[in-house]
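In listed order, ligands and their atoms are each counted from 1.
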Amino acid sequence: MLAGVSRSSVPLWLCVLLVMVSSFRLAAQDAITANFPRFNWQPTQAPPGAQYVGDRVCASCHPSEVATQELTPMARALERVADCEILHRHPTLTVRLGRYTYRIQTRGRISIYTVSDGVSSFAVPIGWAFGQGQAGQTYVYYYSGVYYESRVSFFNDTQTLDLTMGYTGTRPENVEQAAGRRTSPDEAHDCFSCHSTGAIRDNKLEVQKLMPGVTCEGCHGPGAEHVAAVKAGDLQSLHIFNPGSLDTEDLSDFCGSCHRSWQQVEMMHLQGVIDVRFQPYRLGNSRCFDPTDPRISCLACHNPHKPVRTDAAFYDSKCLACHLERGEAPEPSKRRTAPACPVARNNCVTCHMPKYTLPGAHFKFTDHFIRVVHAGEAYPY
Ligand code: HEC
Ligand code: HEC
Ligand code: HEC
Ligand code: HEC
Ligand code: HEC
Ligand code: HEC
Ligand code: HEC
């Protein structure tokens, strides 16, 4: 995300990203339109005339998906401040960083963000809360016609405010600068496109129309025609996109439209541990990855309708779908041909998918570059 980039490096980074994103859109359109020909749709972009119906309508026929998906961090990747659980649980948040004191005060549906240096102060109502705080919850406010990203974020581990990731080293000169970073229209557009559904229409940001978070229709496309078809008894053409129809590589690109695709990261030349956040890229670099093998697709290990599993043993069967167990002879069917581990029989991911903390992230990301990790080695990229 762009929040991870320091102030000075934003413009270059952003240009590269935008070139990237547009070329990716062309590439990915093929895989999606081949499977969903009715719409020129992307998870980050609504097609012209798109008719979204909202999760409540899906719930009437798909109650189990809705019941669990609603609780996932993806579903809650964006909240209107009036509905923000973290701010309501912490009606007063304060932190002092250098000479600035930050305060977020929540009363009813309104949260006021104040920054003071003891002499002057700056106060503004917050509009939006981005993220569930596992890595951080960052606030976005609209001030004299521009979206700003807050210089402080809420962190789950400390349950309080600290510098937003990527802001270490910034030296604001006054309270207004200390409050946050002005985003360009393109950048604000991108934030909402990945953290909500239906925000971008005809390449324009329409915050009044967006549904916060990655909703059902964020991954399945606008649903009005599907509901109408089902109600009319037409089960032949369901008029809804099922990403389960994509092969492993196209699915990586699909999830990568927000998590960043392999091509995007490669072209951005992002180097170093920062790229641990880009799972499609790291996974794609593993020797385990085969673009046509469903046993290594995002869906082999993740159910997008449920929160991520954090018990390491859950993933063992996923690895053992390809890898032999120690002492086991290869199967004649050749389904499991990858070598056995000479070291251990379970909790594979604890050694082969190590976790890394990014500076200022307060969160450990899981490296999807599956490999033998040698003690003391530098982060490979
Ligand atoms: C009136 C009932 C109804 C509503 C409302 C409804 N669906 Fe469905 N949906 C169905 C039926 C019936 C099927 C076909 C049988 C099945 O897969 O369960 C289906 C299938 C699907 C599939 C699988 C398609 C495939 O090609 O395999 C997806 C994805 C889906 N629905 C998503 C949604 C989403 C998202 C919403 C809300 C926008 C929604 N549905 C609303 C009844 C409904
Ligand atoms: C429209 C953008 C978008 C798409 C498409 C998308 N994601 Fe996400 N995903 C996000 C955002 C944003 C978050 C961060 C949510 C947060 O913590 O606030 C996230 C978080 C996650 C998490 C961590 C959630 C947890 O439970 O801790 C997983 C796992 C994940 N996504 C997997 C996937 C997979 C698999 C796909 C493809 C099937 C996918 N995502 C497609 C935007 C997206
Ligand atoms: C290309 C899509 C994309 C864009 C653009 C984007 N994000 Fe994200 N963001 C994600 C995904 C995916 C995640 C989850 C994985 C991760 O943390 O890297 C995420 C994570 C986050 C988190 C941490 C969530 C948590 O639970 O800890 C915050 C906060 C956040 N984004 C805020 C923003 C803000 C503010 C902007 C705009 C300045 C922005 N993002 C732009 C896709 C995006
Ligand atoms: C992050 C992306 C994402 C979101 C959000 C999402 N889905 Fe899905 N959905 C998928 C993928 C990927 C599959 C294919 C799963 C598979 O084949 O294993 C799928 C499959 C389905 C199916 C077909 C069921 C099946 O077993 O094949 C239905 C129905 C469905 N989703 C409904 C919903 C509803 C309702 C919501 C909202 C509560 C929702 N989805 C939200 C990605 C998503
Ligand atoms: C072989 C299994 C496997 C595959 C395939 C896989 N993941 Fe993961 N993923 C994991 C594990 C293990 C975790 C860490 C769970 C935990 O302990 O929190 C994880 C965590 C995540 C997270 C949470 C953030 C983090 O870094 O911990 C996101 C987002 C995510 N995966 C996205 C994806 C996407 C997108 C794909 C497809 C490109 C994918 N994963 C494929 C095993 C897998
Ligand atoms: C789709 C099948 C598949 C899945 C699923 C899979 N792997 Fe692999 N893995 C392979 C193949 C094929 C190789 C390469 C073997 C070779 O070159 O001899 C490999 C190589 C490896 C290596 C050696 C890498 C190196 O750089 O030398 C490790 C370690 C490994 N896998 C661990 C895992 C773990 C742990 C999991 C589960 C999280 C997993 N694999 C899931 C197919 C898979
Ligand atoms: C305690 C840490 C640990 C756990 C847990 C673990 N491994 Fe390993 N694994 C290693 C180490 C260390 C090596 C390198 C051994 C060597 O080079 O002598 C290795 C090597 C491998 C290799 C490369 C073998 C080859 O012949 O190239 C594969 C594949 C592998 N592990 C898969 C797995 C799978 C699958 C699991 C879970 C069933 C697993 N590992 C669990 C530490 C672990």
request  = Decide yes or no for Tyr167 and Glu149: does some side-chain heavy atom of the first lie under 4.5 Å from some side-chain heavy atom of the second?
outcome  = yes
query = Side chains of Cys84 and Gln137: closer than 4.5 Å at any heavy-atom pair?
reply = yes
ask   = Of the choices His323, His374, Arg371, His352, which has the non-hydrogen atom that lies closest to atom 39 (C) of ligand 7?
value = His352
inquiry  = Taking backbone and side chain together, does Cys351 place any N/O/S atom at a distance below 2.8 Å from atom 8 (Fe) of ligand 7?
reply    = no
ask   = Are Thr44 and Ser193 close enough, and set up right, to give a side-chain hydrogen bond (donor to acceptor under 3.5 Å, both in side chains), and what steps lead you there?
value = CA-CA 5 Å; Thr44 51; Ser193 78; 4.9 Å; no
Salt-bridge present (Arg56, Glu70; N to O < 4.0 Å) = yes
note = Per-atom filter on ligand 6: closer than 4.0 angstrom to a heavy atom of Asp293 are 1 (C)
ask   = Salt bridge check: are Asp293 and Arg295 linked by an N-O gap of less than 4.0 Å?
value = yes
inquiry  = Test of understanding: given a 4.0 Å heavy-atom threshold, classify the contact between Asn346 and ligand 7 as side chain, backbone, both, or neither.
reply    = backbone
inquiry  = Tell me whether Asp290 reaches ligand 6 (any heavy atom closer than 4.0 angstrom to a ligand atom).
reply    = no
ask   = When you measure from atom 36 (C) of ligand 6 to each heavy atom in Ala300, Ser286, Cys319, which option holds the nearest one?
value = Cys319
request  = Would you mind running through ligand 7 and noting each atom that sits below 4.0 Å from a heavy atom of Val372?
outcome  = 13 (C), 14 (C), 20 (C)
note = A student checking ligand 7 against Asn347 at a 4.0 Å heavy-atom cut-off should list atoms 5 (C)
inquiry  = What protein heavy atom lies closest to atom 2 (C) of ligand 6? Include the residue and the distance to one decimal.
reply    = Cys322 SG, 1.9 Å
inquiry  = Within ligand 7, which atoms have a heavy atom of Arg345 less than 4.0 Å away?
reply    = 38 (C)
inquiry  = Could you check whether any heavy atom of Ala338 sits closer than 4.0 Å to an atom of ligand 7, since that is the contact criterion I want to use?
reply    = no
query = Near Val349, which atoms of ligand 6 are under 4.0 Å from a heavy atom of that residue?
reply = 38 (C)
request  = Closest by any non-hydrogen atom to atom 29 (C) of ligand 3: pick that one out of Gly136, Gly133, Pro73, Gly131.
outcome  = Gly136
query = Under a 4.0 Å heavy-atom limit, does Val343 contact ligand 7 with its side chain, its backbone, both, or neither?
reply = side chain
inquiry  = Quick test of your reading of the structure: of Gln279, Arg277, Glu187, whose heavy atom lies closest to atom 16 (C) of ligand 3?
reply    = Arg277
remark   = Counting heavy atoms under 4.0 Å, the part of Pro339 that contacts ligand 6 is side chain
ask   = Would you say Ala135 has any N or O atom under 3.5 Å from an N or O of ligand 3, going by distance alone?
value = yes
query = What protein heavy atom sits nearest atom 25 (C) of ligand 6, and how far off is it?
reply = Arg287 NH1, 3.3 Å
request  = Ignoring hydrogens and angles, tell me if any N or O in the side chain of Tyr102 forms a donor-acceptor pair with the backbone of Leu163 under 3.5 Å.
outcome  = no
Among Ala340, Ala313, Ala312, Ala321, closest by any non-hydrogen atom to atom 24 (C) of ligand 7 = Ala340
ask   = Between Gln159 and Asn156, is there a donor-acceptor pair closer than 3.5 Å when you use the side chain of the first and the backbone of the second?
value = yes
ask   = Nearest heavy atom to atom 18 (O) of ligand 7: which of Ser317, Pro342, Cys348 does it belong to?
value = Pro342
inquiry  = If the contact criterion is a heavy-atom separation under 4.0 Å, does Asp316 count as touching ligand 7?
reply    = no
key: Under-4.0 Å heavy-atom contact between protein and atom 31 (N) of ligand 7   = yes
task = Report yes if the distance between the aromatic ring centroids of Phe130 and Phe192 is under 6.0 Å, otherwise no.
result = yes
ask   = Counting heavy atoms only, which of Ser257, Cys191, Cys258 is nearest atom 34 (C) of ligand 3?
value = Cys191
request  = Nearest heavy atom to atom 33 (C) of ligand 3 wins, so pick from His195, Arg181, Gln132, Met165.
outcome  = His195
ask   = Checking Thr197 side chain against Gly213 main chain: does a donor-acceptor pair fall under 3.5 Å?
value = yes
key: Side chain, backbone, both or neither: the part of Phe365 lying under 4.0 Å from ligand 3 by heavy atom   = side chain
query = So do the side chains of Arg282 and Arg371 get within less than 4.5 Å of each other, counting heavy atoms only?
reply = yes
